[in-house]
**Q** 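This is the structure I have questions about; it appears just below.
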There are 2 protein chains.
Amino acid sequence: MSSRLPRITLADQVRDHIVMEIAQGRLAPGAPVRELEIAERLGTSQTPVREAFRKLAAVGLLETRIHVGTRVRDLTEKDLTDAVPVRAALEGIAGRLIAEGGLTADDELLDQMEQMESVARGGNRIALATACTAFHRRIITLAGNDSLSRAWESLGIEVMTLMALAHTEIDAVQAALSHLPVYAALTSGDPVLAERELSAHQFAFVPSSEGPPVADVAG
Amino acid sequence: MSSRLPRITLADQVRDHIVMEIAQGRLAPGAPVRELEIAERLGTSQTPVREAFRKLAAVGLLETRIHVGTRVRDLTEKDLTDAVPVRAALEGIAGRLIAEGGLTADDELLDQMEQMESVARGGNRIALATACTAFHRRIITLAGNDSLSRAWESLGIEVMTLMALAHTEIDAVQAALSHLPVYAALTSGDPVLAERELSAHQFAFVPSSEGPPVADVAG
DNA sequence: ACATCGTACGTTATCGATAATGCTTGACAC
DNA sequence: GTGTCAAGCATTATCGATAACGTACGATGT
């Protein structure tokens, strides 16, 4: 579709395809997905589909029972809220590391922020989710910690963000603008501030939760 | 070899086999590993080996370049130290959640602690690594947060622990005993204490690092 | 009516073979 | 001497087919 010479593996293309199908509701939660059926529909063999299934199962989007079948995992409220404190901790670490490194500016982060605001005003929530994910992934990358990257990727942020923006009433423009103070904190040179801001950012759109209890902080 | 009726998939057996080969030094860091060669050696086809490779690459133990090859990742000092703050954050969260849940005792944790002390005194460092991993995995499980579990698993703790205990001078008995205050904190009912203790536990054997900077805490 | 066993079916898990890709080496032109 | 290109090689990526497994249903006996 995009190019006749695939730069990435078929398995990854299949994976992205399935993610989109789920995010857009064409694959409902709980619906069974069969490797051979998807393979036939996409014109591939079972092998890349199987690989895609494994990756999606690893981030909790699919659920496979050996020799029985695979189905779309029904993401409960708990699944969504569970991810929040973990993300908060991980991105908090990223913020601290970046600020310790003395970051003063980053063009890619700036680009993604502009992109977010632009598409949010245009009402394109899927594009907003894409840009938002790219922004946060960039932060993780800037931290330069492979373990951190792997842990973050394991949360399947793409999907969560897509789902959250596609199926909730969150205000897109407000969500886009909420990244400005994040950028400011990252470039402030203050590790404690950066960690706190990055962490708090995760709780911004989860009204029911207000973050973990912390010991009293002076100031 | 072990059983003629495999209860788990071949891919997982292959994965465990490769982990052991790496941990025991039979597969050196940087050494190339070819899917078909491993398949032949283990008497399977390429498919399960490939799946095992992907899982191991996901935890950073192998490194695959598309259409080129896979090699054992050379775990640098940085890789080991990178994992520490991430583990600290994740297990800290686990500690907080468990204490909030009001855990008073857990037989499995107690069993693993006994096991650790026993095998440590016997000098079996591999068994110590196994028990230690089981202990910490149990903690993550007790937290009851799927995102947390996935993030933790993504760090490949098994391998890291195995490598650390197999190739360093860490005192086994001391390492085993260091889990007692962890258990005490978990069952104390104090979320802040549990989070702090679980987190600090990760820095115990990393002399060069003393943990992240924190805001001044009253008391 | 109920329990037990066997059998048929759907799906994944595995296989063996082939296609596709990136790297390397060497020839060749300049 | 150096750069460019082409052919060959090593390895993965993908394919199509088969085997293995778990489930559900129905037959059978009590």
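The sequence lines fix the lettering, A, B, ..., with proteins before strands; numbering per chain opens at 1. Keep in mind that the numbers below use all heavy atoms, side chains included, and drop hydrogens, waters and symmetry copies.
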**Q** Check this for me, if you would: do B/Arg15 and B/Glu158 make a salt bridge, where the nitrogen-to-carboxylate-oxygen distance has to be below 4.0 angstrom?
**A** no
**Q** Using whole Å, report how far CD of A/Glu40 lies from P of D/dC15.
**A** 13 Å
**Q** How do B/Pro32 and B/Thr47 order along DNA chain D: which one's closest nucleotide is nearer the 5' end?
**A** B/Pro32
**Q** For A/Val182, run the side-chain contact (heavy atoms from CB on, under 4.5 Å) check against A/Leu198, A/Thr187, A/Leu109 and tell me which one passes.
**A**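 The side-chain contact (heavy atoms from CB on, under 4.5 Å) with A/Val182 is passed solely by A/Leu198 among A/Leu198, A/Thr187, A/Leu109.
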**Q** Could you go over nucleotides 10-13 of chain C and give all protein N or O partners under 3.5 Å, atom names and distances?
**A**
residue	atom	partner	partner atom	Å
C/dT11	OP1	A/Arg34	NE	3.2
C/dT11	OP2	A/Arg34	NH1	3.3
C/dT12	OP1	A/Val33	O	3.4
C/dT12	OP2	A/Glu35	N	3.2
C/dT12	O3'	A/His67	N	3.2
C/dA13	OP2	A/Arg50	NH1	2.3
C/dA13	OP2	A/Arg50	NH2	3.1
C/dA13	N7	A/Gln46	NE2	3.3
C/dA13	N6	A/Gln46	OE1	3.3

**Q** Go through the structure and list residues passing salt bridge (Lys or Arg N to Asp or Glu O under 4.0 Å) with B/Glu117, not counting sequence neighbours.
**A** B/Arg121
**Q** What verdict does the salt bridge (charged side-chain N to carboxylate O under 4.0 Å, His left out) test give for B/Asp146 and A/Lys78, after you've listed the backbone C-alpha separation in whole Å, the side-chain angles of each residue and the deciding distance to 0.1 Å?
**A** CA-CA 9 Å; B/Asp146 284 350; A/Lys78 179 173 188 304; 5.6 Å; no
**Q** Are more than 12 heavy atoms from other residues, nucleotides or ligands located less than 6.0 Å from atom CZ of B/Arg65?
**A** no
